[in-house]
Amino acid sequence: MTTFPSALGLSPQQCEQVLRKAAAAPSLHNRQPWRFRLLPHVIELHSRPQRRLPATDPTDRDMLLDCGAALLNLRLALAHTGTRPVVTLLPRLSEATALAEIRAEERKPPDPTESELHRAIETRRTNRRPFLDPSVPEKHRQQLIRAVRTENCWLHVVGRSEHASLEELIHRAHRKQTADPEFMEEMRRWTGLAEDVDEGVPASAAGPAPEPQDRWVVRDFSGNQAPSRVTGKDFEEEPLLVVVCSYTNSTLDALRAGQALQRMLLTATVHGLSASMISQVVEVRETREGLRELLGESLWPQLVVRLGRGGFTPATPRLEPRRLLMPPEPDGE
């Protein structure tokens with residue numbers, strides 16, 4: 001086996017670990033739509049068009065959020081090595097799939113916050129199970145807000161007066177998607193999978209099947225495989241619901257929102273909070289517009305997230321770092 005490539009003055013072993021941490025980011029259906037090119041003075045982050053979900057994510061907005069989350073992990077992993085990353089988003093004169101170039105500035109130890117977030121990468125999970133009842137303390141809510149603002153985005157905390165409108169939008173989006181055979185085929189292909197897969201959502205991470213009385217969790221990740229459908233307590237009535245928002249509807253701001261989302265999720269993990277994504281409301285154009293109207297039309301909603309106190313949930317599988325590598329030269333693809 002050939003040696004793992006190196007970049008930015010790091011050893012091959014360090015580069016392999018950096019990519020492993022980057023790939024621990026969440027992605028829609030755990031499709032892991034990112035790839036990396038390692039060159040002596042730069043690491044390139046690319047999207048992987050082969051992992052598009054045309055029915056679920058027709059504009060590739062979810063893919064950009066996923067890759068932004070991987071980029072935040074990459075930044076933290078590089079900082080952990082003492083490498084200060086300098087990021088160029090959407091680099092000019094690059095391939096169409098290139099989303100970011102990361103170069104090294106100077107050597108500098110990570111600050112305490114970066115170290116905490118870096119440690120949280122390995123323990124962060126998407127928790128699709130019911131949460132416990134205690135509410136999220138106000139001090140933790142403020143830390144989540146600050147995490148998102150650090151990445152030049154906005155976090156809207158959904159108030160009780162907005163719950164009924166948001167619930168209606170979520171259920172409307174869910175009905176529209178589940179009436180689409182192509183959407184249902186994508187769900188079937190990527191969820192409720194066997195335990196030995198390295199992409200997609202295995203049945204063990206699917207969580208219980210939602211029931212009609214559940215307000216906020218409506219998407220079934222069991223892949224419609226009856227034996228794997230788990231029943232249990234109802235999902236909580238009033239989780240903490242937040243909306244990660246960008247200031248524009250651009251590709252650039254979608255990448256920023258992905259980084260903001262991941263910084264928020266890692267911050268939540270540091271404070272013992274669990275999270276799961278409610279993405280259908282922003283995947284359907286008409287309900288995303290309705291959500292934007294609910295927020296006052298000055299922000300662009302990128303993702304709704306449910307937060308609370310949750311129990312153990314197993315890790316979802318990840319591709320090995322070597323399988324994330326692109327050839328060193330574009331012509332080699």
#### Entry: salt bridge (charged side-chain N to carboxylate O under 4.0 Å, His left out) involving Arg103 - partner list, sequence neighbours excluded
Glu101
### Residues, nucleotides or ligands: over 12 heavy atoms within 6.0 Å of Gln142 CD
yes
### Query
Which residue pairs pass the ring-ring contact (aromatic ring centres under 6.0 Å, His included) test when at least one of the two sits in residues 73-100, sequence neighbours left out?
His80-His118
#### Entry: Neighbour count above 12 (heavy atom, 6.0 Å) for Arg189 CZ
yes
### Task
Answer whether the closest heavy-atom distance between the side chains of Asp198 and Gln32 falls below 4.5 Å.
no
#### Entry: Matching residue for Glu114 among Arg84, Arg75, Lys108 - test: salt bridge (Lys or Arg N to Asp or Glu O under 4.0 Å)
Arg84
### Query
Quick one: does Arg263's side chain get under 4.5 Å of Leu117's, heavy atoms only?
yes
### Query
Is the His271 ring parallel, tilted or perpendicular to the His140 ring (thresholds 30°, 60°)?
parallel
### Task
Report the C-alpha separation of Arg129 and Thr313 in whole Å, then their side-chain angles, then the decisive distance to 0.1 Å, and conclude whether the side chain to side chain donor-acceptor pair (under 3.5 Å) test is met.
CA-CA 8 Å; Arg129 292 167 168 76; Thr313 187; 3.0 Å; yes
### Task
Please lay out, stage by stage, how Asp253 and Thr248 fare under the test side chain to side chain donor-acceptor pair (under 3.5 Å).
CA-CA 6 Å; Asp253 265 5; Thr248 75; 2.9 Å; yes
### Query
Can Arg306 be said to sit on top of Phe131's aromatic six-ring, NZ or CZ under 6.0 Å from centre and within 45° of the ring axis?
yes
### Task
Answer yes or no on whether Arg149 is positioned over the face of Trp154, meaning its NZ or CZ is under 6.0 Å from the six-membered ring centre and within 45° of the axis.
yes
### Task
Answer yes or no: are there more than 12 heavy-atom neighbours, outside Glu168 itself, under 6.0 Å from its atom CD?
yes
### Query
Are Arg31 and Trp190 in a cation-pi setup, meaning NZ or CZ lies under 6.0 angstrom from the ring centre and within 45 degrees of the ring axis?
no
### Query
When rounded to the nearest 0.5 angstrom, what is the spacing between CG in Leu273 and CZ in Arg309?
4.5 Å
### Task
Check step by step if salt bridge (Lys or Arg N to Asp or Glu O under 4.0 Å) holds for Arg52 and Glu186.
CA-CA 10 Å; Arg52 292 191 69 246; Glu186 288 179 351; over 6 Å; no
### Query
Hey, does Arg35 have a side-chain heavy atom less than 4.5 Å from the side chain of Leu45?
no
### Query
Under 4.0 Å between a Lys/Arg side-chain N and an Asp/Glu carboxylate O for Arg292 and Glu289?
no
### Query
Crowded around Glu122 CD? As in, over 12 foreign heavy atoms under 6.0 Å?
no
### Query
With sequence neighbours left out, what residues match Asp62 under salt bridge (charged side-chain N to carboxylate O under 4.0 Å, His left out)?
none
### Query
Just by modelled atom types, is the Leu53 backbone N or O under 3.5 Å from a matching donor or acceptor in the Thr56 side chain?
no
